[in-house]
2 protein chains.
Amino acid sequence: MMIRAPGANPTGRADRPKQVYEQLRDLIVHGRLAPGSRLVETDIAKRFVVSRTPVRGALQRLQQEGYILDSPSMRQSRPTVAPLTLEDARELFSIVGELEGLAGRAAAALPQAKRSSLAKELIAINQDFRKAAAVPRPNHNRLFDLDERFHRRYVEVAAGPRLLALHQAVKPQAERYERLYVSFLSNEIQISAREHEAIINAIEVGKPTAAHGAVQTNWHNAAERLGRVIKRAGERGRW
Amino acid sequence: MMIRAPGANPTGRADRPKQVYEQLRDLIVHGRLAPGSRLVETDIAKRFVVSRTPVRGALQRLQQEGYILDSPSMRQSRPTVAPLTLEDARELFSIVGELEGLAGRAAAALPQAKRSSLAKELIAINQDFRKAAAVPRPNHNRLFDLDERFHRRYVEVAAGPRLLALHQAVKPQAERYERLYVSFLSNEIQISAREHEAIINAIEVGKPTAAHGAVQTNWHNAAERLGRVIKRAGERGRW
DNA sequence: TACTCCAGTTTTGTATCCACTTCCCAATGC
DNA sequence: GCATTGGGAAGTGGATACAAAACTGGAGTA
């Protein structure tokens, strides 16, 4: 009897919209697709060697998540890469702070055993984070990655399916700003690490409200710090 | 000079995916498409007299927003209408509470003039709400509509584009539960109206934190009240 | 010179076709 | 009698063909 793996497509022909989506998203996040760029279905299709059908799906998703937008002014209703502005960053960070705050609150309301194992994990990540920031020329990718892992961890553990999905859709958009941020502010990372400790502590001792507040504070301050960078560097369409 | 309305399509040939999306969403929200129902592209296409292409777009959007989900056991990956559960309601309400809380906070941070005109509007809506609930056999649709308008108003005024978009995507899902709720709990509407007053007051006097808290309280309590209804009525796949 | 109008080209939106997967059911063999 | 398997049916995902709309540039005119 021949077994045809039921749903497991090792890498063969997984759903292409998702692949296109992920690659486009990475291009946007890493700035290789500059803000304001127009996205043309046929070009993308050619580039990824697929037809327009899966591209359309990917674009729709990107648009719904806010990476691209149908230009606001009356003219040119073609999809363009969303711009990077201070105002947008503020709003985005406050939303992420609120969503993760919700997860932080839930994490602090978990049974004691789970809380303490989670806290242990978070401490380990945060220490790596601290160490990575302490070396002479910090690796920005690594710093970003550790910060991201820190936040993701407690969300994964504590959030329900809806919050998780929302977080996964919204949070990566902050990456566009965070990458900018981390490359300019690696000296302020220590402050961020201290804020992380406040989060860990609130979770560990089981204070939901404090955890919520600590998460929000972290994101609020991040927005402030980022604001200084943007002011200094100017809001640029491309970097 | 002849002006050819640039993007404004009065009603002519609006995008069909959106129409299909809205109609399907209404069917789901009003329970005419029972939770668990399988949605078949070809059937829908026939029903709305369009081809499968726009239907596909609509389904994709519905799935992304959480109205439908791919059935878990690698069946034919056919999308089904999301079920209604108490746990889901709790999570959903807490998310909406958090998002609207953010908007409430922003509303309370507006300049005084805007705050007071907003407060005036909200008071008017809330009084209609109260009155509509006070009559012998309240009109459920009207009650729902007024509550919805109340919340939407301060979000529209105070939220930025991102928060607004998120709210519009998430909030309507609560409608599935709220319609159930309002038809069973019209006698508790007065309590809800009082909670609304706390929100209005916090916005009027400009206390962002209090506004945030008042909004969250309203949603938290709504989830509690809804929980009692569901417990009493049983979690039903269809109603 | 600036503005309008028009035609060509680009790009999106819709319909249809094809391939592949999954599902259901019935016939068959143990 | 029951499990297995094979074949058709149903359905989705991808590609392509076609139509409609929008942007482009340029030519003509006030």
Side-chain angles (χ1 to χ4, degrees), chain A residues 1-24 33 36-64 67-82, chain B residues 1-24 33 36-64 67-82:
Chain A
M1 179 174 74
M2 191 49 193
I3 300 174
R4 284 175 295 174
N9 270 321
T11 317
R13 39 182 70 237
D15 41 344
R16 288 185 248 204
K18 192 173 182 179
Q19 297 212 337
V20 173
Y21 161 79
E22 282 170 358
Q23 293 190 60
L24 277 177
L33 260 153
S37 305
R38 283 210 278 254
L39 297 170
V40 179
E41 288 182 5
T42 51
D43 292 351
I44 299 166
K46 260 189 296 184
R47 177 160 185 178
F48 292 105
V49 201
V50 293
S51 83
R52 282 175 47 213
T53 313
V55 173
R56 189 182 287 267
L59 286 180
Q60 198 189 340
R61 185 165 166 195
L62 286 168
Q63 195 215 341
Q64 210 170 350
Y67 290 99
I68 65 185
L69 29 83
D70 291 336
S71 98
S73 64
M74 323 193 304
R75 289 184 177 182
Q76 284 187 339
S77 66
R78 300 270 171 277
T80 58
V81 178
Chain B
M1 181 175 79
M2 191 51 193
I3 300 172
R4 286 176 295 173
N9 270 319
T11 316
R13 39 175 50 263
D15 37 347
R16 286 183 252 205
K18 192 171 181 180
Q19 298 212 336
V20 173
Y21 160 79
E22 283 170 357
Q23 293 189 64
L24 278 178
L33 260 152
S37 306
R38 283 205 281 247
L39 297 171
V40 178
E41 287 181 4
T42 51
D43 291 352
I44 299 166
K46 259 188 296 183
R47 178 160 183 178
F48 292 105
V49 201
V50 293
S51 84
R52 279 176 47 215
T53 312
V55 173
R56 222 185 278 187
L59 286 180
Q60 198 182 344
R61 185 165 167 196
L62 286 168
Q63 194 212 340
Q64 210 173 348
Y67 290 99
I68 66 186
L69 27 86
D70 288 335
S71 51
S73 68
M74 195 54 179
R75 293 178 80 90
Q76 208 173 37
S77 78
R78 270 208 292 276
T80 59
V81 177

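Note that the structure is predicted; figures quoted are calculated from it, not measured.
C:dT22 atom P lies 13 Å from atom CG of B:D70, rounded to whole Å. Rounded to whole Å, atom P of C:dC20 lies 17 Å from atom CG of A:D15. C:dT10 atom C1' lies 10 Å from atom CG of A:D43, rounded to whole Å. B:Q19 places its CD atom 14 Å from the C1' atom of C:dT14, with the value rounded to the nearest Å. Per the geometry, CZ belonging to B:F48 stands 15 Å off P belonging to C:dT14, to the nearest Å. Separating the CZ atom of A:R38 from the C1' atom of C:dT10 is a distance of 11 Å, rounded to the nearest angstrom. In this structure, A:L39 atom CG and C:dT12 atom C1' are separated by 13 Å, rounded to whole Å. As a whole-Å value, the separation of A:E41 CD from D:dA21 P is 17 Å.
For the atom pair CZ (B:R38) and CG (B:D43), the distance works out to 11.5 Å, reported to the nearest 0.5 Å. Here the CD atom belonging to B:E41 is positioned 11.0 Å from the CZ atom belonging to B:R78, to the nearest 0.5 angstrom. Atom-to-atom distance recorded for A:S51:OG and A:R56:CZ is 9.5 Å, nearest 0.5 angstrom.
Counting only distance, with no hydrogens or angles, the side chain of B:T80 and the backbone of B:L69 share a donor-acceptor pair below 3.5 Å. Listed for the B:Q60 side chain is a donor-acceptor partner under 3.5 Å among the backbone atoms of A:G57.
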Contact list (N/O, under 3.5 angstrom) for nucleotides 15-18 of chain D vs protein:
residue	atom	partner	partner atom	Å
D:dA15	OP2	A:S51	N	2.7
D:dA15	OP2	A:S51	OG	2.7
D:dA15	O5'	A:S51	OG	3.4
D:dA15	N7	A:T53	OG1	2.6

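Residues A:V20 and A:I44 come closest through the heavy atom pair CG1-CG2, 4.4 Å.
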